[in-house]
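Report on the following structure.
In what follows, every chain begins at residue 1, and chains take the letters A, B, ... in the order their sequences are listed. Reckoned from all heavy atoms, side chains included, excluding hydrogens, waters and symmetry mates.
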Amino acid sequence: MGSVRRVLFRNQLTTIGTFITVATLVMAAFAPWLATHDPLRTNVRNRLQPPSAEHWMGTDEAGRDIFSRAIYGARVSVRVGYAVVALTTLFGLAIGVAAGYYRWLDGLLMRSMDALMAFPSIFLAIAILAALGPNETNVIWALTITLTPATARIVRGVVLSLKELDFVSGARALGARDLRILLRHVVPNSLAPLIVQSTFVLGVAILSEAGLSFVGAGTAPPTPSWGNMLADAKRYLFVAPWMSYFPGLFIVFGVLGLNLLGDGLRDALDPRMRGHG
Amino acid sequence: MTTFVVRRLIVTIPVVLLVGIAAFLLVNLTPGDPADFFLDPDSPAEEVVRVRERLGLDQPLPVQFVRWFGGVLRGDLGNSFHEKRPVIDMFARAFPPTIYLTLTSLFLAVVLAVPIGIFSAIRQNSVLDRFATVFVLIGVATPNFWLGLLLIQLFAVNLGWLPAQGFVRPEQGWWPSLRTLILPSIALGYSGAALIARMTRSGMLEVLRQDYVRTARAKGIAENRVNYVHALRNAFNPILTVIGLAVTSLISGSLVVELVFNFPGVGRLVVDSVFRRDYPVIQGSLLLIAGITIVVNLVVDLLYAVTDPRIRYG
């Protein structure tokens with residue numbers, strides 16, 4: 001009975017996660033239609049207003065509507081998050097497959113990945129941004145560099161375990177070339193863990209982008225991002241606490257949704273994980 | 001055991017070297033000439049050549065790297081462009097606050113998370129387990145700097161119990177010092193606690209499903225003894241792994257949390273240096289922090305061997 005309830009609880013959570021994730025995408029895609037105000041229009045007479053019927057989440061230090069800015073802020077998170085997922089998947093797949101499949105590349109590639117993983121992620125990202133200059137494209141590259149090693153490791157693990165299986169040696173015995181084996185057998189079998197990993201990379205990317213924008217190394221004002229909105233809020237903590245509540249809630253829900261979806265996908269795609277929670 | 005330690009140390013060497021190369025290239029591939037920092041925009045060409053020679057910038061990159069890395073290994077991280085003093089001195093000043101912050105956060109996280117993880121595994125699907133799940137889910141999704149802002153609002157602005165900003169060094173009294181550490185440690189420690197609780201729970205669940213646990217139960221050994229002696233002992237390694245991971249993520253998180261609390265640590269130093277484009281400081285901090293991470297991972301690996309004899313002889 002307990003386990004049945006557990007499964008139902010899990011399913012509910014997965015449904016909630018899917019809903020939040022889709023909602024964030026919709027918010028980003030249809031921001032101009034959903035926002036009630038122009039996110040960039042300042043109105044000093046209306047500055048630092050608490051939430052009201054006109055401004056659902058209040059206004060900031062320049063009199064801009066926080067609700068509309070938060071809606072537009074989803075665009076930065078979604079753009080950065082999905083770009084980072086696409087790039088880490090691409091590089092992680094390439095590096096992981098190469099390391100797992102070719103013994104002679106394994107040492108060099110994986111030690112390099114270890115070296116990258118030795119840098120705490122935000123420190124590495126911020127150093128890369130210091131070198132490249134802070135803007136959205138460079139945030140994407142910085143996060144790609146910091147997050148690729150984890151994906152590469154997962155792919156390598158899958159490849160190593162597949163390589164010895166009969167269907168792969170069978171394919172090789174039949175004279176299939178490496179590239180064919182990789183594309184027909186190895187890549188498809190890496191997909192399930194990669195999809196799960198993607199949802200977590202997305203969550204981490206969104207959190208990191210917010211952190212980088214918060215310290216001033218990410219999305220530059222006046223473009224609203226959840227992180228730089230919180231940086232503004234920090235300066236008005238004593239007079240306008242609402243400025244910090246809402247952008248933070250958007251981040252928590254966005255990342256929570258992705259993690260719930262990821263857990264659900266892992267349970268669904270990997271039968272061994274069923275019931276592990 | 002000695003062979004294991006030696007083998008593990010040898011594997012670390014290429015990683016250290018690659019870390020050095022990465023930190024070196026990061027700065028040296030940056031557009032712009034580091035010599036510009038020491039020169040007026042309209043300096044004569046001879047002056048530029050002289051400064052480049054003094055900084056060793058006229059040498060080929062590999063030579064520059066060997067010189068620089070040799071210095072690093074002897075503890076010389078160069079001088080700050082901005083403050084004109086050794087990076088190692090600036091780091092020595094900024095390092096203790098970050099260490100205190102990381103250690104108190106780690107302590108909070110472990111003390112809270114390990115019991116939560118163990119109990120929710122033993123009482124799987126109970127109300128407590130459900131609460132633990134929610135605690136974990138929210139913890140993993142909450143940005144530490146946002147939690148910091150909320151904590152400041154509640155405990156510093158509204159209640160006035162704790163200071164909102166800054167750090168008092170322990171030399172000036174341990175209680176005032178601790179007071180400045182409480183809020184930042186909670187802000188930083190929560191996500192670590194969530195991570196540790198989640199891994200402890202799944203590590204413990206994994207062990208509880210093993211045959212020898214079933215055998216122990218079948219033999220009629222008391223439930224508590226099965227859980228805490230037979231099972232927990234074998235769940236140590238996954239817990240250790242995640243605590244090691246948590247240290248890295250806490251160091252990483254400290255960068256942003258320090259900014260929220262105006263904390264004079266390494267994170268602040270790095271962020272300030274980024275805005276001043278003070279590359280030697282950025283480079284030096286990156287290296288030292290990577291060095292710490294490598295040492296932490298090494299210690300965790302060696303501890304595995306202590307808690308699990310199979311690794312020692314494997």
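Using a 4.5 Å cut-off between heavy atoms, A/Tyr245 touches chain B through backbone and side chain atoms alike. In this structure, the portions of B/Pro143 lying under 4.5 Å from any heavy atom of chain A include both its backbone and its side chain. A/Leu249 touches chain B through backbone and side chain together, each having a heavy atom under 4.5 Å away. If you measure heavy-atom distances from B/Val260 to chain A, the contacts under 4.5 Å come from both the backbone and the side chain. With a 4.5 angstrom heavy-atom cutoff, B/Val15 touches chain A via backbone and side-chain atoms both.
Considering only heavy-atom pairs separated by less than 4.5 Å from chain A, the leading option among B/Ser273, B/Ser249, B/Ala290 is B/Ala290. The candidate with the highest count of non-hydrogen atom pairs below 4.5 Å against chain A, out of B/Asn297, B/Val16, B/Ile282, B/Ile251, is B/Ile251. Between chain B and the options A/Ala210, A/Ala125, A/Gly254, the largest number of non-hydrogen pairs under 4.5 Å is found for A/Ala210. Per-residue heavy-atom pair counts under 4.5 Å with chain A were compared for B/Val270, B/Leu17, B/Ile294, and the maximum is reached by B/Val270. Between chain B and the residues A/Leu108, A/Leu207, A/Leu237, the largest count of heavy-atom pairs under 4.5 Å involves A/Leu237. Of the residues considered (A/Gly248, A/Gly203, A/Ala115), A/Gly248 shows the highest number of contacts with chain B, using heavy-atom pairs under 4.5 Å. Chosen from A/Ala231, A/Pro247, A/Ser121, the residue pairing most often with chain B at heavy-atom distances under 4.5 Å is A/Ser121. With chain A as the partner, the residue from B/Val271, B/Leu250, B/Ile138, B/Leu286 showing the most heavy-atom pairs under 4.5 Å is B/Leu286.
Of all heavy-atom pairs between A/Lys234 and B/Leu259, the closest is NZ-O, 3.1 Å. In this structure, B/Ala141 and A/Leu256 approach most closely via the heavy-atom pair CB-N, 3.5 Å.
Other residues, nucleotides and ligands place no more than 12 heavy atoms under 6.0 Å from the CZ atom of B/Phe131. For B/Phe275, the CZ atom is densely surrounded, since the number of other residues' heavy atoms within 6.0 Å is greater than 12. More than 12 heavy atoms of other shown residues, nucleotides or ligands fall within 6.0 angstrom of atom CZ in A/Arg235. For B/Phe69, the CZ atom counts as densely surrounded, since its 6.0 Å shell holds more than 12 non-hydrogen atoms of other residues, nucleotides or ligands.
Residues satisfying the side chain to side chain donor-acceptor pair (under 3.5 Å) test with A/Arg75, not counting sequence neighbours, are none.
For the atom pair CG of A/Leu13 and CG of B/Leu137, the computed distance is 6.5 Å after rounding to the nearest 0.5 Å. To the nearest 0.5 Å, the span separating CG on A/Leu212 from CG on B/Leu255 amounts to 8.5 Å. The CG atom of A/Asn259 sits 6.5 Å away from atom CZ of B/Arg198, with the distance rounded to the nearest 0.5 Å.
Between the side chain of B/Ser252 and the main chain of A/Ile122, a donor-acceptor pair closer than 3.5 Å is present.
For the pair B/Ile289/A/Phe119, no side-chain contact is recorded, criterion being any heavy-atom separation below 4.5 Å from C-beta on.
If you run side-chain contact (heavy atoms from CB on, under 4.5 Å) between B/Val274 and each of A/Ile126, A/Leu129, A/Val215, only A/Ile126 comes through.
Close approach to chain A, defined as a heavy atom under 4.5 Å from one of its heavy atoms, is seen in B/Phe145, B/Trp146, B/Leu149, B/Leu150, B/Ile152 of residues 145-152 of chain B, taken by number.
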